[in-house]
Amino acid sequence: MSEPLPLMKGLPRAKIPTGEPLVLASGSPRRAELLRAAGYDFEVCPAADTAECGVPYKETAVEMVARLAFQKAVDVVRRRKRSFILAADTLAACGDRILGKPKDRDDAESMLRLLSGQKHEVFTGVCVWSTGTDQCYVDVVRSRLQMSRLDNEEIEEYLDGGKWQGKAGGFGYQDDNDWIEIVENDSESNVVGLPMERFAEILENFAKLADKVQKEVR
Ligand SMILES: Cc1cn([C@H]2C[C@H](O)[C@@H](COP(=O)(O)OP(=O)(O)OP(=O)(O)O)O2)c(=O)[nH]c1=O
């Protein structure tokens, strides 16, 4: 088995406040790996792709990740009894462009060319929901990053390797090259899909933070 990445070490863990089983409402291998590395027991129950629908007019990246994390949680809440559900959504943003997962290699290439040499941001929206107490909380964590200037050869080689697939912005911070530096909010786990430090804080303060959800929302 390969060594865990340095960013998977020393991650915080907190107790699930309601005692319900933790359910990860995401098919992201990174999120599962982060939770596992921190020592959480959990089950994976990904939200349906249709939970990521809707293109509201002039939505900001913060609004979008919050909405998508909430929609993914709702989708799984409808199917689960007595669970503590965790959903998330990650997007990159550069200038006024919001970058999701690339549709194909060409899309990934245009994202990489846009990010090359640029400061940019990664936002992760997190939604936690107790089905027992019907309480829910949504939060967004932002990290600022700097991408090195990439030459054509580096871009082609990265694209050929296929690691861009399934990653917002077409690039993985965890992929072993040193192209990206975090310049603000040093949460590596946030950048790769789940802000573990914030998640632990939310669990510790859930009773104070969470709002009661109207039953009709389900
Ligand atoms: C910016 C960045 C994102 N990512 C990943 C995290 C997420 O898995 C993915 C963004 O896509 P998401 O839509 O947030 O998540 P997902 O499709 O993988 O899973 P699900 O919808 O079931 O929750 O990009 C990295 O792995 N490394 C990075 O550096």
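Just follow the structure's listing: the first ligand is 1, and inside any ligand the first atom is 1.
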Practice problem: Check whether any N or O atom of Pro46, backbone or side chain, sits under 3.5 Å from an N or O atom of ligand 1, and answer yes or no. | Solution: no

Exercise. Answer yes or no: does an N/O atom from Ala25 fall short of 3.5 Å to an N/O atom of ligand 1?
Key: no

Quiz item: Relative to the ring of Phe199, is the ring of Tyr40 parallel (under 30°), tilted (30 to 60°) or perpendicular (over 60°)?
Solution: tilted

Quiz item: In terms of ring plane angle, is the pair Tyr158 and Phe171 parallel, tilted or perpendicular, where the classes change at 30° and 60°?
Solution: tilted

Practice problem: Considering non-hydrogen atoms only, spot the tightest contact between Gly169 and Ala92 and give its length. | Solution: CA-CB, 4.1 Å

Quiz item: Just wondering, are more than 12 heavy atoms of other shown residues or ligands nearer than 6.0 Å to CD in Glu157?
Solution: no

Can you tell which of [options] gets a heavy atom nearest to [atom]?
{"atom": "atom 7 (C) of ligand 1", "options": "Gln71, Arg31, Lys167", "result": "Arg31"}
{"atom": "atom 11 (O) of ligand 1", "options": "Lys101, Arg30, Gln165, Lys163", "result": "Lys101"}
{"atom": "atom 29 (O) of ligand 1", "options": "Trp164, Tyr173, Phe123", "result": "Tyr173"}

Practice problem: Run the numbers for me: atoms of ligand 1, each under 4.0 Å from some heavy atom of Gly172, listed by number. | Solution: 27 (N), 28 (C), 29 (O)

Quiz item: Which atoms of ligand 1 are found less than 4.0 Å from any heavy atom of Gln174?
Solution: 25 (C), 26 (O), 27 (N), 28 (C), 29 (O)

Quiz item: Is it true that Glu181 and Arg144 have a side-chain N and a carboxylate O under 4.0 angstrom from each other?
Solution: no

Quiz item: Salt bridge or not for Lys101 and Asp107, using N-O below 4.0 Å?
Solution: no

Quiz item: Can you find a non-hydrogen atom of Ala168 under 4.0 Å from ligand 1?
Solution: yes

